[in-house]
Amino acid sequence: MKKSITLLCILAMVSTLAACGGKPADKDNSNNDRGFTTVVEGKLIMATNATFPPYEYIEGGEVTGIDAEIASAIADKLGLELQIDDMGFEFITGTIASGKADIGLAGMTVTPDRQEEVSFTVSYATGVQVIIVTEDSPIVSLDDLFAEGANHVIGVQRNTTGDLYTTDDIEKKGFGTIDRYSKGAEAVQALKTGKVDCVVIDNEPAKAFVQEVEGLKILETEYVTEDYAIAMSKDNAELYEAVNGALKDLIDDGTIGKIIAKYITAE
Ligand code: ARG
């Protein structure tokens, strides 16, 4: 009796292991001659959140911008067809980690927490967290947000580094509260209508949003400088090498610089 129960347990364990373990959904692309496998044979699937000009935004119904062009150049180099999946920013690393997309490009900052979940390629761009305020705002420098007695409402895009930093530096220290929006542009609208006192967001989308909405400005003091890189699975070393290698080549031969210069004019 005892024996058969043990046996049953073992059988149950083995079948759950088989169900949960291994690669997500058998891909049947292990026998190609590329030396790496992708989620779907012949394709490079990019996860992004197209609310972040000039890195990714929708134009004419299509995801366009710096990251889309970089991913397209990488796909070309690897002989793959690029597919772009647009989703909430907070879902990108999980989508990569669970094997539903090959690469995450979203002006995504390399952070220690994200590095627990995904691998990052070499960095291809730099971002700076800046503060957007109304033209007549009493907030004139970054320090005002952390000043004795400060009590501001800060708008951010949910789960971005702007959210993470202000949560730690402002909310947790009692200098104010954070209003989290699913898009940066919504946080900027909230600033315009007086629901928040400032917005913390990356410098390039900040410039794009301030150009669109009248009466706003970006403070000159910078909050945090960060590195953007491509998020990839920790479990696909061959693909990681291929994509990272392609990206390095595209940096070295000036392609990435040209793509960025198309969208961002140097000051
Ligand atoms: N750089 C910031 C971060 O990694 C913001 C990125 C937001 N990107 C986007 N496509 N919405 O958290």
Side-chain angles (χ1 to χ4, degrees), residues 39 43-75 82-111 113-121 123-130 132 154-167 178-191 196 199-210 212-213 224 226-233 243 247 259-260 263-264:
V39 171
K43 283 194 175 186
L44 187 67
I45 303 181
M46 161 179 165
T48 196
N49 169 245
T51 65
F52 199 70
Y55 286 92
E56 46 269 326
Y57 54 99
I58 306 280
E59 198 174 76
E62 302 241 333
V63 177
T64 174
I66 294 170
D67 287 338
E69 289 204 30
I70 291 177
S72 159
I74 293 172
L82 180 67
Q83 174 185 317
I84 302 181
D85 289 356
D86 192 13
M87 61 190 71
F89 183 75
E90 64 267 47
F91 301 121
I92 297 174
T93 54
T95 298
I96 300 293
S98 62
K100 294 188 198 87
D102 299 300
I103 52 174
L105 279 90
M108 189 180 285
T109 305
V110 179
T111 73
D113 280 353
R114 291 174 186 162
Q115 278 172 318
E116 305 253 304
E117 206 181 357
V118 293
S119 288
F120 283 101
T121 61
S123 173
Y124 61 86
T126 309
V128 183
Q129 296 297 312
V130 296
I132 311 177
I154 324 282
V156 297
Q157 182 182 19
R158 187 173 300 113
N159 267 60
T160 59
T161 46
D163 181 2
L164 307 177
Y165 304 145
T166 55
T167 300
I178 316 301
D179 268 7
R180 300 171 179 86
Y181 296 85
S182 66
K183 299 175 180 173
E186 287 169 6
V188 171
Q189 274 311 320
L191 174 63
V196 303
V199 170
V200 174
I201 196 161
D202 305 50
N203 54 337
E204 289 304 330
K207 283 189 216 159
F209 294 144
V210 164
E212 293 286 303
V213 183
V224 185
E226 29 188 48
D227 290 323
Y228 294 167
I230 303 178
M232 295 190 66
S233 163
V243 168
L247 176 60
I259 293 174
I260 293 176
Y263 292 87
I264 300 173

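Values below: every heavy atom of this structure, side chains too, minus hydrogens, waters and symmetry copies. Here the structure is a predicted model, which means the values were calculated and not measured.
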### Task
Heavy atoms only: give me the nearest I92-A106 pair and the separation to one decimal.
CD1-CB, 3.6 Å
### Query
So, do T64 and Y57 sit near enough that their side-chain heavy atoms are less than 4.5 Å apart?
yes
### Query
Does the pair I58 and D86 meet the rule for a side-chain contact (heavy atoms from CB on, under 4.5 Å), with working shown?
CA-CA 10 Å; I58 306 280; D86 192 13; 3.8 Å; yes
### Task
Answer yes or no: is there a side-chain heavy-atom contact under 4.5 Å between R158 and F89?
no
### Task
Might you confirm whether atom CD of E117 has over 12 heavy atoms from other residues, nucleotides or ligands at distances under 6.0 Å?
yes
### Task
With side-chain contact (heavy atoms from CB on, under 4.5 Å) as the test, would you mind laying out the steps for I264 and I66 before giving the verdict?
CA-CA 9 Å; I264 300 173; I66 294 170; 3.8 Å; yes
### Query
How many angstroms lie between atom CD of E116 and atom OG1 of T93, to the nearest 0.5 angstrom?
11.5 Å
### Message
Once rounded to the nearest 0.5 Å, what's the spacing between atom CD of E56 and atom CE of M108?
### Response
9.0 Å
### Task
Spell out, as yes or no, whether a donor-acceptor pair under 3.5 Å connects the side chain of S233 to the backbone of G99.
no
#### Entry: Contact check, side chains of T161 and V224, non-hydrogen atoms, under 4.5 Å
no
### Task
For residues S123 and A125, report the shortest heavy-atom separation together with the two atoms involved.
OG-O, 3.1 Å
#### Entry: Check: F91 and D85 side chains under 4.5 Å, non-hydrogen atoms
no
### Message
I want to check something: taking the side chain as every heavy atom from C-beta on, are T167 and R180 in contact at a cut-off of under 4.5 Å?
### Response
yes
### Query
To the nearest 0.5 Å, what is the distance between CD1 (I154) and OH (Y165)?
15.5 Å
### Query
Which heavy atom of L82 sits nearest a heavy atom of A68, and at what distance?
CD2-O, 3.9 Å
## Note on the structure
Only one of D202, N203, T160, T166 passes side chain to side chain donor-acceptor pair (under 3.5 Å) with Q129, and that residue is D202
### Message
I'd like to know if the side chain of T95 reaches the main chain of K100, judged simply by a donor and an acceptor atom lying under 3.5 Å from each other, with no hydrogens or angles considered.
### Response
no
## Note on the structure
Minimal heavy-atom distance between G107 and D67, with the atoms involved, is N-OD2, 2.8 Å
### Message
How long is the straight-line distance from OG of S72 back to CE of M46, given to the nearest 0.5 Å?
### Response
10.0 Å
### Query
Measuring from I70:CD1 to I230:CD1, what's the distance to the nearest 0.5 Å?
7.0 Å
### Straight-line distance of D179 CG to E186 CD, nearest 0.5 Å
12.0 Å
### Query
Is there a donor-acceptor contact under 3.5 Å from the side chain of D227 to the main chain of V110?
no
### Message
Any heavy-atom pair between the side chains of Q157 and T51 that's under 4.5 Å?
### Response
yes
### Task
Could you tell me which non-hydrogen atom of I96 sits nearest to which non-hydrogen atom of D102, and how far apart they are?
CD1-C, 4.0 Å
### Task
Report yes or no: does D163 contribute a side-chain atom to a donor-acceptor pair with the main-chain N or O of V156 at less than 3.5 Å?
no
### Task
Inspect the contact between K207 and E204 and indicate whether a charged nitrogen and a carboxylate oxygen are less than 4.0 angstrom apart.
yes
### Message
For Y55 and Y228, I'd like to know if the aromatic rings sit close, meaning centre-to-centre distance below 6.0 Å.
### Response
yes
### Task
Evaluate side-chain contact (heavy atoms from CB on, under 4.5 Å) for Y181 paired with V196, printing each intermediate quantity in order.
CA-CA 11 Å; Y181 296 85; V196 303; 3.7 Å; yes
#### Entry: Test item: Y124 and L247 side chains (from C-beta on) under 4.5 Å apart, heavy atoms
yes
### Message
Is there a side-chain contact between F209 and I201 in this structure, where contact means two heavy atoms from C-beta onward sitting under 4.5 Å apart?
### Response
yes
### Query
How close do A187 and G155 get, heavy atom to heavy atom, and via which atoms?
CB-C, 4.1 Å
### Query
When you look at CD of E62, are more than 12 heavy atoms from neighbouring residues, nucleotides or ligands closer to it than 6.0 Å?
no
